[in-house]
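Numbered from 1 within each chain, the chains take letters A, B, ... in sequence-line order.
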Number of protein chains: 2
Amino acid sequence: MSVDAETALAHEPPGHKDELRLWLRMLTCTTLIESEIRTRLRRDFDTTLPRFDLMAALDRAPAGLSLGEVSRHMMVSNGNVTGVAARLEAEGLVERRARPGDRRAQLLRLTPKGRREFARQSAAHEGWIAELLAGVTAVERGALFRLLGHAKISVRNALPPEPSA
Amino acid sequence: MSVDAETALAHEPPGHKDELRLWLRMLTCTTLIESEIRTRLRRDFDTTLPRFDLMAALDRAPAGLSLGEVSRHMMVSNGNVTGVAARLEAEGLVERRARPGDRRAQLLRLTPKGRREFARQSAAHEGWIAELLAGVTAVERGALFRLLGHAKISVRNALPPEPSA
DNA sequence: CTGGAATAGTTTAGGCTTCAAGGAATGAGG
DNA sequence: CCTCATTCCTTGAAGCCTAAACTATTCCAG
């Protein structure tokens, strides 16, 4: 898995391919990092990125989050969260509790075991990211962060408006 | 480099929040764009991103590509390509031919219908990307492209070496 | 020539993901 | 009260994705 679509495009006839090439390079970077992280999560912790992400969301919210809140946080569909949460619950890493005063909603929280487990995973994860980005200087990182901020705003502005927020 | 997660952690003082924030922002940008593209591909062409990507790879290789070559281009597993190619073949967009002189390999090629269809899709796709990134100036795009190039190299250097190429 | 390594693809099991349809609970107006 | 829209979540169908095991073929070294 070494060639990427981006380099292949470099010899296309000139045009407005500029944004496209930027997008493909962005995608390549993200895919490279993401699949390496998936591999290591599996190898070292026998877990997956979605599980890790869900636990990360809960770790930042000690009071718990509803499934819907998790879904918005992770930018995935709500039906998706149902399944991932069910598996984490089966492993004893997450627990559900009824939300007082609303019998529709449930609060998801890390169990003590889940909190311990996530602490180990997130420490390793942070190290992995630093390792993968070690070749980018602090100055470059700052510039990238800022420019990606602009890109994020650009995309959000071009997106269809959300049902409030 | 093959240190287990625990040991690696012991040697690495915390302080990599910086890289982590950059990574999360990169991931957010990519996810936003990618899910919008998926939505539009479905809405306007009743297709998916993997199908589109596979056809894009074939479009750049008029002589055809083996399944393995497609797999490397798309940076996905070979088993995956089997399935996506099968669906595209069932829709008459792609055809398989034996590769002369090697009975293991098969060449995948766009059919005329597939080529027409992809031309429509890729024109729209290019417009969508330009639209989403319209808020990023040409100068910023250039800087982003260059910096992401550095990031890509950094990641590749940190990755376990591949079985040649 | 022959045995073993490498290569090309497929299959299988398990998990992720979306969309769409639907059930249950809530809340607001009449 | 009712009723109806809304919210929260689950389910089901279909597709994407990986790792690992497997088949078939090719290549190579002896």
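Between A:Glu36 and B:Arg156, no side-chain nitrogen of the basic residue sits less than 4.0 Å from a carboxylate oxygen of the acidic one, so the salt-bridge criterion is not met.
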Apply the test side chain to side chain contact (heavy atoms under 4.5 Å, CB included) to residues B:Trp128 and B:Leu41: give CA-CA distance (whole Å), side-chain angles for both, the deciding distance (0.1 Å), then the verdict.
CA-CA 10 Å; B:Trp128 295 337; B:Leu41 279 174; 3.9 Å; yes

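The phosphate of C:dG9 (OP1 or OP2) has no side-chain N or O of B:Thr82 nearer than 4.0 angstrom. Considering only side-chain N and O atoms, A:Arg96 lies under 4.0 angstrom from the phosphate OP1 or OP2 of D:dT10. Contact annotation: B:Arg103 side-chain N/O to D:dT26 OP1/OP2 distance is under 4.0 Å. Look at A:Ser66 and you'll find a side-chain N or O under 4.0 angstrom from OP1 or OP2 of D:dC9. The side chain of A:Asn80 places an N or O atom within less than 4.0 Å of a non-bridging phosphate oxygen (OP1 or OP2) of C:dT18.
C:dT18 atom C1' lies 13 Å from atom CG of B:Asp46, rounded to whole Å. The distance from atom CE of A:Met75 to atom P of C:dT18 is 11 Å, rounded to the nearest whole Å. As a whole-Å value, the separation of B:Glu34 CD from C:dT18 C1' is 13 Å. Between A:Asn78 atom CG and D:dC8 atom C1' the separation is 8 Å, expressed in whole Å. Rounded to whole angstrom, the span from the CG atom of A:Leu49 across to the P atom of C:dG15 amounts to 16 Å. Put simply, CD on A:Glu89 is 9 Å from P on D:dT10, counting in whole angstrom units.
Evaluated for a salt bridge (Lys or Arg N to Asp or Glu O under 4.0 Å) with B:Arg51, the options B:Glu117, B:Glu89, B:Glu91 yield exactly one hit, B:Glu91.
When each of A:Arg38 and A:Gly68 is assigned the nucleotide of DNA chain D with its nearest heavy atom, A:Gly68 is the one assigned upstream, toward the 5' end. Each of B:Gln106 and A:Gly101 was assigned the nucleotide of DNA chain C with the nearest heavy atom; the assignment lying further toward the 5' end belongs to B:Gln106. Heavy-atom distances to DNA chain D give each of A:Asp102 and A:Thr39 a nearest nucleotide, and the one nearer the 5′ end belongs to A:Asp102.
Of all the heavy atoms in B:Ser154 and A:Gly135, the pair that sits closest is OG-N, 2.8 Å.
The residue B:Arg99 sits apart from the nucleic acid: no heavy atom pair falls under 4.0 Å.
Residues B:Phe145 and A:Leu147 have side chains not in contact (no heavy-atom distance under 4.5 Å, counting atoms from C-beta outward).
Checking D:dT25, C:dT18, C:dT26 against every side-chain atom of B:Arg104, the shortest atom distance belongs to D:dT25.
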